[in-house]
Amino acid sequence: FPRNGRPFGGCPSAIGNLELDPLPLMHDIQCLGVYTSGGDAPGMNACLRATVRTALANDLEVVGIRRGYEGMIDGDFVEMDRRSVSNIVQTGGTILKSARSTDFLTEEGRTRAADNLERYDVDGLIAIGGDGTFRGASKLNDEHGIPVVGCPGTIDNDLFGTDTTIGYDTALNTAIENIDRIRDTADAHNRLFLIEVMGRDAGFIALNCGIGGGAELILIPETITEMDMIKERIFSLMSAQRRSTIVVVAEGDELGGARGIEQALREDPTFEDIDLRSTILGHIQRGGAPTAGDRVLASRLGVAAVEALLDGHTDVMVGFVNGETKLTPLRNVYSRKKSIDYDLLKLTQILS
Ligand code: F6P
């Protein structure tokens with residue numbers, strides 16, 4: 001495919017996006033740098049594959065930056081070709097590795113990173129990660145004029161500007177699969193289980209795996225629930241001679257997650273006779289092969305990100321909204337809060 005020949009048809013919905021300047025700045029990209037940063041997410045590899053292959057199809061050179069911003073500061077760069085991304089579409093983790101960099105939060109760290117990019121002739125970047133990754137990318141763009149387009153990669157699904165993030169669908173399915181397993185043992189013992197899921201300060205995983213797993217109660221940070229109300233609800237559920245009760249708790253819930261609620265229940269004599277356990281699902285939610293949905297999303301976004309960069313866009317994230325790719329300025333992605341679906345929350349009250 002010729003460079004700028006739009007082999008995959010571009011990302012047309014970006015053009016009508018009112019949040020963007022109508023005419024993107026033009027920059028001439030010859031060598032693309034790509035990296036994954038922050039918490040890894042299943043599908044990051046599929047996104048890397050799409051990014052690398054789209055760049056090569058447009059006659060760009062591609063450099064992989066290992067360990068995110070840490071590797072950018074250390075000059076841990078690796079040349080990439082078609083083969084570097086063979087047989088990875090189906091794998092979890094990230095072949096380029098990831099890190100959370102504190103050095104990159106400093107001006108000195110970012111200057112060292114920019115110097116390395118210049119040394120390797122990298123003149124455009126694709127950043128795959130979450131809001132921390134995009135804050136860093138934006139700073140690099142502002143302070144050093146390096147064009148950058150972001151791809152949303154996080155299991156938390158907490159990014160404004162995309163309906164779903166790469167990795168979310170896989171994490172959700174992993175959480176549901178594990179809730180099903182816990183349901184079996186909870187049922188066998190007539191137990192109450194508090195199950196904590198990831199999501200940082202957002203409740204997308206909790207809300208959706210709670211519904212999919214048939215939880216009797218779902219606690220998320222987006223809604224404030226008094227401990228007394230929770231106790232009342234749990235007590236009435238357990239007294240209704242249920243065989244088991246599952247409460248899904250988002251890690252960011254204001255009551256201290258599953259352990260916080262467990263402690264409050266154990267300290268209350270009313271719950272003396274209730275057989276209760278808590279489980280934190282933790283990092284198993286981040287691993288494993290990406291689902292079909294995540295592989296396709298990651299592939300689409302990887303292609304669209306490179307095309308957006310070649311079209312002259314910078315400081316934006318490519319997302320997927322209502323079935324179309326869409327560009328959103330990075331500053332909006334990390335400063336605006338994505339809302340949960342409150343209709344889903346109502347649904348849990350009817351279904352439990
Ligand atoms: O952002 C992804 C995520 O898995 C969150 O859900 C979680 O709070 C956090 O990362 C855990 O980070 P770490 O792996 O650095 O402990």
Side-chain angles (χ1 to χ4, degrees), residues 35-47 66-71 91-94 96-105 127-137 150-179 194-210 212-213 218-222 248-261 278-291 294 297-298 301 317 319 330 333-338 340:
Y35 58 101
T36 50
S37 169
D40 60 298
M44 278 184 163
N45 280 334
C47 190
R66 292 159 56 86
R67 298 180 289 114
Y69 294 118
E70 285 289 289
T91 59
T94 156
L96 286 181
K97 310 235 175 240
S98 194
R100 300 192 194 276
S101 174
T102 44
D103 285 347
F104 198 76
L105 298 175
I128 306 169
D131 60 353
T133 305
F134 297 154
R135 275 174 211 275
C151 277
T154 166
I155 64 163
D156 300 338
N157 197 33
D158 58 348
L159 297 178
F160 181 86
T162 191
D163 289 344
T164 48
T165 54
I166 299 164
Y168 169 63
D169 186 55
T170 308
L172 192 54
N173 279 286
T174 304
I176 286 183
E177 191 186 316
N178 284 285
I179 290 172
L194 302 158
I195 305 175
E196 182 177 307
V197 296
M198 277 188 168
R200 203 177 287 275
D201 51 8
F204 293 96
I205 297 179
L207 182 55
N208 287 276
C209 76
I218 302 169
L219 301 171
I220 56 173
E222 287 84 351
V248 170
V249 189
E251 66 175 347
D253 188 65
E254 72 283 356
L255 293 170
R259 295 280 193 257
I261 297 170
S278 63
T279 300
I280 296 175
L281 293 189
H283 286 78
I284 57 164
Q285 293 160 99
R286 285 239 296 260
T291 58
D294 270 332
L297 177 72
L301 294 182
M317 180 195 82
L330 290 180
V333 176
Y334 55 75
S335 63
R336 293 193 191 172
K337 193 155 171 65
K338 178 163 149 189
I340 55 147

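Indexing begins at 1, ligand by ligand and atom by atom, following the structure's order.
- Distance from atom 3 (C) of ligand 1 to its nearest protein heavy atom, with residue and atom name: Arg286 NH1, 3.4 Å.
- Every residue meeting the side-chain hydrogen bond (donor to acceptor under 3.5 Å, both in side chains) condition with Ser101, not counting sequence neighbours, appears here in chain and number order: Glu70.
- Here Phe104 pairs with Tyr69 under the ring pair (Phe, Tyr, Trp, His ring centres under 6.0 Å) rule; sequence neighbours left out.
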Notebook entry, point to check: So Ile128 and Leu96, side chain to side chain contact (heavy atoms under 4.5 Å, CB included) or not? Walk me through it.
Noted result: CA-CA 11 Å; Ile128 306 169; Leu96 286 181; over 6 Å; no
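- Among all protein heavy atoms, the one lying closest to atom 15 (O) of ligand 1 is Arg100 NE, 2.9 Å.
- Taken to the nearest 0.5 Å, the OG1 atom of Thr279 stands 9.5 Å off from the CG atom of Asn178.
- Going from atom CG of Asp156 over to atom CG of Asp201 covers 8.0 Å, rounded to the nearest 0.5 Å.
- The distance from ligand 1 to the heavy atoms of Met198 drops below 4.0 Å at these ligand atoms: 4 (O), 6 (O).
- Annotation: atom 2 (C) of ligand 1 to nearest protein heavy atom, Asp156 OD2, 3.3 Å.
- For ligand 1, the atoms closer than 4.0 angstrom to any heavy atom of His283 are 13 (P), 14 (O), 16 (O).
- In terms of polar-atom proximity, defined here as any N/O pair under 3.5 Å, Gly199 does make such a contact with ligand 1.
- Dense packing is recorded around NZ of Lys338, with more than 12 heavy atoms of other residues, nucleotides or ligands lying under 6.0 Å away.
- Nearest non-hydrogen protein atom to atom 8 (O) of ligand 1 is Glu251 OE2, 2.5 Å.
- Ligand 1 has no atom lying under 4.0 Å from any heavy atom of Gly130.
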